[in-house]
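Working notes, structure below.
Both backbone and side-chain heavy atoms feed into the values below; hydrogens, waters and symmetry mates do not. Proteins come first, then strands; the chains are lettered A, B, ... in the order of their sequence lines, and each starts at number 1.
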Amino acid sequence: MAERITPRSESYSDWYVDIVLGAELADYSPVKGTMVIRPRGYAVWERMQSILDGMFKETGHVNAYFPLLIPESFLKKEAEHVEGFAPECAVVTHGGGEELDEPLVIRPTSETIIWSMYKKWIQSYRDLPLLINQWANVVRWEKRTRLFLRTTEFLWQEGHTAHASAEEARDETLQMLEVYRRFAEEYMALPVLTGVKTPAEKFAGAVDTYAIEAMMQDKKALQAGTSHFLGQNFAKAFDVTFQTSEGGLDHVWATSWGVSTRLVGALIMAHSDDKGLVLPPRLAPTEVAIVPIFKNQNKTEVLAYASKLHQQLKPMHRVVLDDDDNNSPGWKFSQWELYGVPIRIECGPKDMQAEQVVLVRRDTGEKIPVPVAEAPARIAPLLEDIQRSLYDRALAFREENTRDIDDYQQLVSFMEGDGGFARVPWSGSPEAEAKVKEETKATIRVLPFGNEEAAAGKRCAITGEPARHMAIFAKSY
RNA sequence: CGGGAUGUAGCCUAGUGGCUAAGGCGCCUGCUUUGGGAGCAGGAGACCGGAGGUUCGAAUCCUCUCAUCCCGACCA
């Protein structure tokens, strides 16, 4: 099939859709705003899941599963929470052929049902901390959807923890943010900014929301993960108290944190090119695709040559041998590039003659002939190099497109022009933040850790008041 | 919820009132090929998004409707 991918320069959003459909990551399904995650896309998510799950377990968390359906009244118990979520909730009103006494909300997130259970499970400080994660689907009725980035139903993990003190809960929030940062940078090859959200951008029901924020190739920001310090808001709403070691009674301190299948969208938009998907090796379901190049008269020999290599690599790497004899090598090259496989190995009669194979990097297209005997040992370092280059390239791109701006007109023209991340002194005024959003569509993506020192002595670019933060403004997904 | 676009075979498209709806890609069979998206031959696959109307006759004209995508508004 002659897949034509719209070049990024022509239309970034068409390009994105072409990659998702062409690389067979997902497909549209019959209900508006929903999608099928196809095997090639789901395999990426499975790798993300298994790595993250390991990281959660290492930090002491356990998995559980809470139900999809939540009594509508639960949502209403936390005022800010219900206000934030009510408009995007899907509600079940009928079941078993009858109208229900109380409508059931399909979870948009699970804080309420989980805290209703935590009330039963927590009595004493000895029950704390309670560190539970769940892998689940959630539904948020979105008016505008985009494959992987914003769909009505999506998959995610949500961690919900309960602690005896504010400090401990705060530490947990920051610990999980750090887990997300490591995952994004070390596995997704995606550099991220970490910090806190402004009140306007935080999670409905949180005291503070922390986030990892990444830049996509169109210079827009994508929130890739969030970790919330919930204070005692949910404990109070659901009356979850515990006896302290001193015999007193206190409300429990809470956190929640999550990443979703949106990460797959982030991965695509961060690294892919006009030839197709580019996957960082550590998350690529297939690391190596071997493409033998044969003619009828030498088919047996070449396939044996390729197959031997395949057998050698299999114990060490996720490798496939494309021995289909119906498609031409050129077709296969394009196809594996579209699928985003980090390394392709070409081996034909000429290589056999020279006792070599050709390694081809997906990220640069570079062709590297190596002696066949050395090939198995060359793969791992090359994968690491690709992983590192993808990260370096993404970081360089973000830095090139991040500006220090302390003048409001400059900020406006920056956002009207090429755009990117603008590091701007900000007074902390919500009105100033809203004004920028109104006039430029850019929002404060994050207040990076340690930004306050950098703001010392500066004046807010919007109001002229003394600046309290260096805020990162950007248009976002 | 506003603006735009599109709906004809799995995909892309032609067909603007007249015979049995056409072509390309893909798919199936066979042969031939294979170092950057191969070739030949044969074959399967469509109630033209849906409903109603106009007409001797509708994929085509009219009305209504449904769906999806894109842009905007909205949105952890």
Side-chain angles (χ1 to χ4, degrees), chain A residues 1-6 11-18 20-22 27-35 80-89 107-111 138-147 149-152 154 156 158 197-206 208-211 222-228 230 256-260 262 275-276 291-299 302-303 322-338 344-354 356-358 360 365 367 369 437-438 441 443 476-477:
Chain A
M1 76 181 120
E3 279 290 345
R4 181 187 172 264
I5 294 171
T6 307
S11 164
Y12 192 80
S13 61
D14 286 350
W15 166 80
Y16 177 76
V17 170
D18 287 349
V20 172
L21 299 179
D27 203 352
Y28 293 107
S29 76
V31 177
K32 178 181 169 63
T34 65
M35 66 174 189
E80 199 187 336
H81 191 64
V82 64
E83 193 185 326
F85 280 108
E88 44 187 311
C89 283
R107 64 177 163 225
T109 179
S110 302
E111 270 79 3
V138 288
V139 167
R140 295 180 187 179
W141 217 260
E142 299 287 354
K143 288 187 176 163
R144 176 133 177 232
T145 60
R146 222 149 138 52
L147 292 166
L149 300 177
R150 174 166 286 115
T151 48
T152 291
F154 58 92
W156 78 346
E158 47 181 325
K197 289 279 181 180
T198 65
E201 299 285 329
K202 76 177 175 64
F203 173 69
D208 281 313
T209 289
Y210 298 86
L222 185 82
Q223 177 175 299
T226 50
S227 185
H228 313 290
L230 301 175
S256 69
W257 28 274
V259 296
S260 71
R262 168 179 256 205
K275 291 195 287 188
V291 179
I293 298 151
F294 49 80
K295 299 182 189 300
N296 272 345
Q297 61 268 29
N298 59 23
K299 181 174 173 181
V302 174
L303 278 183
D322 187 354
D323 59 0
D324 185 309
D325 70 351
N326 200 31
N327 292 314
S328 69
W331 190 90
K332 292 176 185 176
F333 297 166
S334 303
Q335 200 62 25
W336 290 111
E337 281 164 3
L338 178 58
R344 176 175 76 244
I345 301 182
E346 304 177 1
C347 58
K350 293 176 207 164
D351 301 304
M352 227 165 81
Q353 193 69 37
Q356 64 166 29
V357 294
V358 179
V360 186
K367 298 202 175 195
K437 184 177 181 181
E438 175 71 23
K441 298 197 175 93
T443 50
S476 72
Y477 279 96

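- Rounded to a whole Å, the CG atom of N326(A) is 12 Å from the P atom of rC31(B).
- Nucleotides rG15(B) and rA9(B) place their C1' atoms 15 Å apart, quoted to the nearest Å.
- No N or O donor and acceptor, one from the side chain of E337(A) and one from the base of rG37(B), sit under 3.5 Å apart.
- Here F203(A) lies in heavy-atom contact (under 4.0 Å) with sugar-phosphate atoms only.
- rG39(B) and rA22(B): their C1' atoms are spaced 24 Å apart (whole Å).
- Counting only Watson-Crick or G-U wobble pairs whose defining distances are both under 3.5 Å, the stems of 3 or more consecutive pairs in RNA chain B are B:1-7 with B:66-72, B:10-13 with B:22-25, B:27-31 with B:39-43, B:49-53 with B:61-65.
- Atom CD in E142(A) sits roughly 15 Å away from atom P in rA73(B) (whole-Å rounding).
- With sequence neighbours left out, A224(A) forms a side chain to side chain contact (heavy atoms under 4.5 Å, CB included) with I212(A), L263(A).
- Spacing between atom CH2 of W331(A) and atom C1' of rU34(B) amounts to 14 Å, rounded to whole angstrom units.
- Here the P atom of nucleotide rC70(B) and the CZ atom of R150(A) are 13 Å apart, to the nearest Å.
- Side-chain N or O atoms of K295(A) include none that pairs as donor or acceptor with a backbone N or O of P349(A) at under 3.5 Å.
- Atoms CZ and OG1, on R150(A) and T145(A) in that order, are 9.5 Å from each other to the nearest 0.5 Å.
- Set against rU34(B), rG37(B), rG35(B), the side chain of D325(A) has rU34(B) as its closest nucleotide.
- Residue contacts shown for K32(A) are limited to sugar-phosphate atoms, with no base heavy atom under 4.0 Å away.
- In this structure, of rG36(B), rC69(B), rU34(B), it is rU34(B) that holds the atom nearest to the side chain of P329(A).
- Within the nucleic acid shown, D14(A) has no heavy atom closer than 4.0 Å to any nucleic acid atom.
- Using a 4.0 Å heavy-atom cutoff across all strands shown, R262(A) reaches no nucleic acid atom at all.
- Residue contacts shown for P87(A) are absent, as no nucleic acid heavy atom lies under 4.0 Å away.
- Look at the C1' atom in both rG45(B) and rU29(B): the space between them is 15 Å, to the nearest Å.
- Contacts of S13(A) with the nucleic acid, taken as non-hydrogen atoms under 4.0 Å apart, involve only primed sugar atoms and P, OP1 or OP2.
- Nucleotides rA21(B) and rC48(B) are separated by 8 Å at their C1' atoms, to the nearest Å.
- Using the six-membered ring where Trp is involved, F203(A) and H228(A) have ring planes that are parallel, under 30° apart on the 30 and 60° scheme.
- If you measure from atom CD1 of I293(A) to atom P of rU33(B), you get 18 Å, rounded to the nearest angstrom.
- Nucleotides of RNA chain B nearest to K367(A) and K437(A) differ in position, and the one nearer the 5' end is that of K367(A).
- Across rU65(B) and rA59(B), the matching P atoms stand 23 Å from one another, rounded to whole Å.
- A donor-acceptor contact under 3.5 angstrom links the side chains of T34(A) and S29(A), judged on distance only.
- In this structure, L303(A) atom CG and rU34(B) atom P are separated by 14 Å, rounded to whole Å.
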What do the steps show when you test H81(A) against T109(A) for side-chain contact (heavy atoms from CB on, under 4.5 Å), and what is the final call? CA-CA 10 Å; H81(A) 191 64; T109(A) 179; 3.7 Å; yes
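- Within the 4.0 angstrom heavy-atom criterion, no nucleotide atom of any strand lies near K197(A).
- Closest to the side chain of K143(A), from the set rC1(B), rC70(B), rG37(B), is rC1(B).
- As rounded to the nearest Å, rA51(B) and rC66(B) have C1' atoms that lie 10 Å from one another.
- Straight-line distance from the OH atom of Y12(A) to the P atom of rC70(B): 15 Å, rounded to whole Å.
- Only the P atoms considered, rU34(B) is 25 Å distant from rG24(B), to the nearest whole Å.
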Working note: I293(A) + K350(A), criterion side-chain contact (heavy atoms from CB on, under 4.5 Å); need CA distance, chi angles, decisive distance, verdict. CA-CA 9 Å; I293(A) 298 151; K350(A) 293 176 207 164; over 6 Å; no
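- Partners of E83(A) according to the side-chain hydrogen bond (donor to acceptor under 3.5 Å, both in side chains) rule, which considers only residues two or more places apart in sequence or in another chain, do not exist here.
- With sequence neighbours excluded, the residues satisfying side chain to side chain contact (heavy atoms under 4.5 Å, CB included) with T6(A) are R4(A), E10(A), S11(A), D14(A), D18(A).
- Rounded to an integer number of Å, the gap from Q297(A) CD to rU32(B) P is 12 Å.
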Could you run through nucleotides 2-7 of chain B and give me one letter per nucleotide, 5' to 3': B if any protein heavy atom sits under 4.0 Å from the base, S if only the sugar-phosphate is that close, - if neither? ------
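- Nucleotides of RNA chain B nearest to K295(A) and S328(A) differ in position, and the one nearer the 5' end is that of K295(A).
- OP1 or OP2 of rA73(B) has not a single side-chain nitrogen or oxygen of R144(A) nearer than 4.0 Å.
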Apply side-chain contact (heavy atoms from CB on, under 4.5 Å) to the pair N326(A) and W331(A), showing each step before the final yes or no. CA-CA 10 Å; N326(A) 200 31; W331(A) 190 90; over 6 Å; no
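- By the ring-ring contact (aromatic ring centres under 6.0 Å, His included) test, Y12(A) pairs with W15(A), sequence neighbours left out.
- Judged by distance alone with a 3.5 Å cut-off, no donor-acceptor contact links the side chain of N327(A) to the base of rG37(B).
- The structure places OG1 of T209(A) at 8.0 Å from CD of Q223(A), a figure rounded to the nearest 0.5 Å.
- Here, rG10(B) and rC27(B) have their P atoms 15 Å apart, quoted to the whole Å.
- Comparing atom distances between the S334(A) side chain and each of rG36(B), rG35(B), rC70(B) picks out rG36(B) as nearest.
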